[in-house]
Participant: 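Can you read through this structure? Questions will come right after.
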Amino acid sequence: PETAEYSTLTARVDQKVSNSNKMFARYSWYNRDSLYNEYTTFPESSGTWFQFQSYQVVLDDVHVFNPSTVLNVRYGYNRFERNSGQQEEARNWDMTKLGFPAEYNSMISDFGRYFPRLDFDGTTMIDVAFGNDFRPTTSHTVVAALNKTLTQHALKGGMEMRIYREDSLSTANEQAGRYQFTNTYTRQNSASGTDYLGLQNYASFLLGLPSTTSITRASDYSEYSKTWGFFVQDDWRVNSKLTLNIGLRYEVETALTERNDKSVSGFEYDYVQPIEGTVQAKYAALNDPALKALVPQLSVRGGLMFAGVDGGSRLYETPKNTFLPRFGFAYQLNPKTVIRGGAGLFAGFLGQRRGDVFPNGWAQTTTIATTFNAYGAPIPRSWDNALLTQPIQEPVGNANGRQQGLGQAIDFFNQDPKISKQLRYQIGFQRELPGGFVVEAAYVGNYGYDIEIVRNINALPNQYLNTDNARTAAMNANNAF
């Protein structure tokens, strides 16, 4: 079962400063607290707390200079918080309550010290696993628009500025240790792998003998970007039958930025890794003519680049030529028929709304794996001292430079991305029918281009793929599942 509580509040104040100046302020708050998956009566080890909380503030001012000129200035603030994780009783947990030595408390930060993660092999036992985070998102918006009416023209121009920010702080309980229990030490012998109803896993738990122990130093980030927009628009009443709408918008968005430079930025493709010479020497000594006919030589090139080290804090460059024209019309064909149409170019985004930073070097997991004796038998290691048997690996950030992430999966940003665009267009008509009915039909189209995709630079080239269709058919037939 799930228990959820909802609360909301909205308040607004309007002020007439003068006959030509009015303003208002509005504040809104919303909160949702829920609790679910509480399988036991111990809140320290079960139950997921989930919270949505949002705050909004709007300040709006309208000033009338004269009957044909009006200025509207508005500021908006929005903050949305998503909190998820264990219940309050499991936070800032005293590890000695589970029989761990006091040293465990000192090796884990207060914020990351939760009731630890317990994983059981199979599906018959309920894990104590929380992979959650605290992630508030914040936006600021400032808009100023000036409206001017001139005989047949209704002119509008102005600017808009938006700031998007997101923070993320892990609340995963693997930061306090992760203990995986299997039947490695409790089965009858190495040949009996089946664990009836998970009881052997549970026996390992009662003995305090995890097969694998690990602890994670999780990364956090604080990212933001800014967007500026400038626009002009003219609603032109050409005559009693035709009205045109003509506009132009210019947008520029700054790149995603991590406030403390805790992110990978790009990739230096031509960087020569120090091990290239050794790799090439060993490859030269390899006696495989067929392989060398396909790949004459190996190169070990490329390395990650970091914000604040390889350039400034911005993670890439953004375009500065985003002009977005718009055009529309309405034409009265006769007293009962109107034709309308229009087209406009719209831009996507390249900043914070596009995705998150890559804090690859700011997280680290230390794993104490199962060890075996000379006869291949696993050596038990008690969970109350497993994390004291070897040093905890701390995150290195960008200290490894171009050697960061070698042999691992990596992510980085395109340093010169294009901004995606959508050309939207529509044409239709509206016809008044007898009896007061109205019929309307329209054709709507959309054309997108410069849309960003993710490309795997480690993909196997086509020339090395299997082209034996008979073999492929046989493989499909034998693996019909």
Side-chain angles (χ1 to χ4, degrees), residues 79-82 84 109 111-112 131-140 162-172 174-175 216-228 252-271 273 301-320 348-366 392-420 452-458:
R79 180 179 174 88
F80 176 78
E81 296 179 358
R82 187 188 70 180
S84 179
S109 68
F111 184 84
N132 312 102
D133 62 359
F134 170 60
R135 186 179 298 182
T137 58
T138 306
S139 65
H140 299 265
R162 290 166 289 175
I163 301 175
Y164 299 97
R165 174 178 168 181
E166 179 178 283
D167 299 271
S168 179
L169 186 63
S170 174
T171 59
E174 64 184 6
Q175 297 176 92
T216 296
R217 302 296 201 224
S219 62
D220 57 62
Y221 62 79
S222 179
E223 62 187 20
Y224 72 94
S225 66
K226 300 177 182 179
T227 299
W228 296 85
V252 60
E253 184 171 20
T254 65
L256 181 65
T257 302
E258 210 289 325
R259 298 176 68 203
N260 301 297
D261 291 335
K262 294 166 62 174
S263 178
V264 170
S265 55
F267 190 79
E268 186 179 355
Y269 290 89
D270 296 328
Y271 175 79
Q273 289 289 346
R301 304 290 175 93
L304 292 175
M305 302 166 64
F306 293 89
V309 176
D310 303 289
S313 295
R314 293 182 179 179
L315 299 177
Y316 42 87
E317 295 297 324
T318 54
K320 305 297 188 295
F349 35 80
L350 291 175
Q352 192 278 322
R353 295 172 295 165
R354 171 199 190 200
D356 297 323
V357 297
F358 298 132
N360 298 38
W362 284 266
Q364 183 68 53
T365 297
T366 303
I392 304 300
Q393 300 177 44
E394 301 295 338
V396 297
N398 55 26
N400 288 336
R402 298 294 188 270
Q403 280 68 57
Q404 177 64 37
L406 290 181
Q408 304 174 16
I410 60 173
D411 296 288
F412 58 89
F413 291 100
N414 177 5
Q415 293 301 285
D416 294 292
K418 293 182 178 181
I419 190 166
S420 63
E452 189 176 40
I453 61 173
V454 176
R455 183 168 64 93
N456 181 3
I457 62 175
N458 289 324

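Atoms considered below: every heavy atom in the structure, side chains included; atoms not considered: hydrogens, waters and symmetry mates.
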Participant: Is R353 close to S225 at the side-chain level, that is, under 4.5 Å between some pair of heavy atoms?
Facilitator: no
Participant: Verify side-chain contact (heavy atoms from CB on, under 4.5 Å) between F413 and S263, making sure each step is shown before the conclusion.
Facilitator: CA-CA 10 Å; F413 291 100; S263 178; 4.1 Å; yes
Participant: Would you call F349 and S420 a side-chain contact if the rule is heavy atoms closer than 4.5 Å?
Facilitator: no
Participant: Check whether any side-chain heavy atom of R79 sits under 4.5 Å from a side-chain heavy atom of P136, and report yes or no.
Facilitator: yes
Participant: Is any side-chain heavy atom of L304 closer than 4.5 Å to one of I410?
Facilitator: yes
Participant: Residues two or more places apart in sequence or in another chain: which of them pass salt bridge (charged side-chain N to carboxylate O under 4.0 Å, His left out) with D167?
Facilitator: R165
Participant: Is it true that R162 and E253 make a salt bridge, defined as a side-chain N closer than 4.0 Å to a carboxylate O?
Facilitator: no
Participant: Which residues pass the side-chain contact (heavy atoms from CB on, under 4.5 Å) test with N456, sequence neighbours left out?
Facilitator: N458, A459
Participant: Please find the pair of heavy atoms, one from G348 and one from I419, that lie closest to each other, and give the distance.
Facilitator: O-CD1, 3.3 Å
Participant: Could you tell me if the side chain of R135 sits less than 4.5 Å from the side chain of E166, heavy atoms only?
Facilitator: yes
Participant: Under the rule for side-chain contact (heavy atoms from CB on, under 4.5 Å), what residues qualify as partners of E394, not counting sequence neighbours?
Facilitator: R217, I392
Participant: R402: what forms a side-chain contact (heavy atoms from CB on, under 4.5 Å) with it, not counting sequence neighbours?
Facilitator: E268, Y271, Q273, M305, D310
Participant: Taking only residues two or more places apart in sequence or in another chain, which ones pass salt bridge (charged side-chain N to carboxylate O under 4.0 Å, His left out) with E258?
Facilitator: none
Participant: For F412, give me all partners under ring pair (Phe, Tyr, Trp, His ring centres under 6.0 Å), at least two apart in sequence or on another chain.
Facilitator: F267
Participant: Would L169 and F111 count as a side-chain contact (heavy atoms from CB on, under 4.5 Å) here? Give the steps.
Facilitator: CA-CA 10 Å; L169 186 63; F111 184 84; 3.2 Å; yes
Participant: Looking at residues at least two apart in the chain, or sitting in another chain, which of them share a ring pair (Phe, Tyr, Trp, His ring centres under 6.0 Å) with Y164?
Facilitator: none
Participant: Can you name the side-chain contact (heavy atoms from CB on, under 4.5 Å) partners of T318, sequence neighbours left out?
Facilitator: A255, Y316, K320, L350
Participant: Looking only at atom types and distance, does a side-chain atom of T171 sit under 3.5 Å from a main-chain N or O of D133, one as donor and one as acceptor?
Facilitator: yes
Participant: Who passes salt bridge (charged side-chain N to carboxylate O under 4.0 Å, His left out) against E174, sequence neighbours left out?
Facilitator: R117
Participant: When you measure from the side chain of Q175 to the backbone N and O of A172, does any donor-acceptor pair fall under 3.5 Å?
Facilitator: yes
Participant: Taking the side chain as every heavy atom from C-beta outward, state whether K262 and F306 have any atom pair closer than 4.5 Å.
Facilitator: no
Participant: Let me have the donor-acceptor pairs involving side chains of residues 356-365, under 3.5 Å, with sequence neighbours excluded, atom names and distances please.
Facilitator:
from	atom 1	to	atom 2	distance (Å)
D356	OD2	Y221	OH	3.3
Q364	NE2	Q393	OE1	3.3
T365	OG1	T216	OG1	3.1

Participant: Report the C-alpha distance between T254 and R314 in whole Å, list the side-chain angles of each, state the deciding distance to 0.1 Å, and finish with yes or no for side-chain contact (heavy atoms from CB on, under 4.5 Å).
Facilitator: CA-CA 8 Å; T254 65; R314 293 182 179 179; 3.8 Å; yes
Participant: Show your reasoning for whether side-chain contact (heavy atoms from CB on, under 4.5 Å) applies to E81 and F134.
Facilitator: CA-CA 7 Å; E81 296 179 358; F134 170 60; 4.1 Å; yes
Participant: Which residues pass the salt bridge (charged side-chain N to carboxylate O under 4.0 Å, His left out) test with R259, not counting sequence neighbours?
Facilitator: none
Participant: If the condition is side-chain hydrogen bond (donor to acceptor under 3.5 Å, both in side chains), which residues does T366 pass it with, not counting sequence neighbours?
Facilitator: none
Participant: How far apart are the closest heavy atoms of G308 and D261, and which atoms are they?
Facilitator: CA-OD2, 3.5 Å
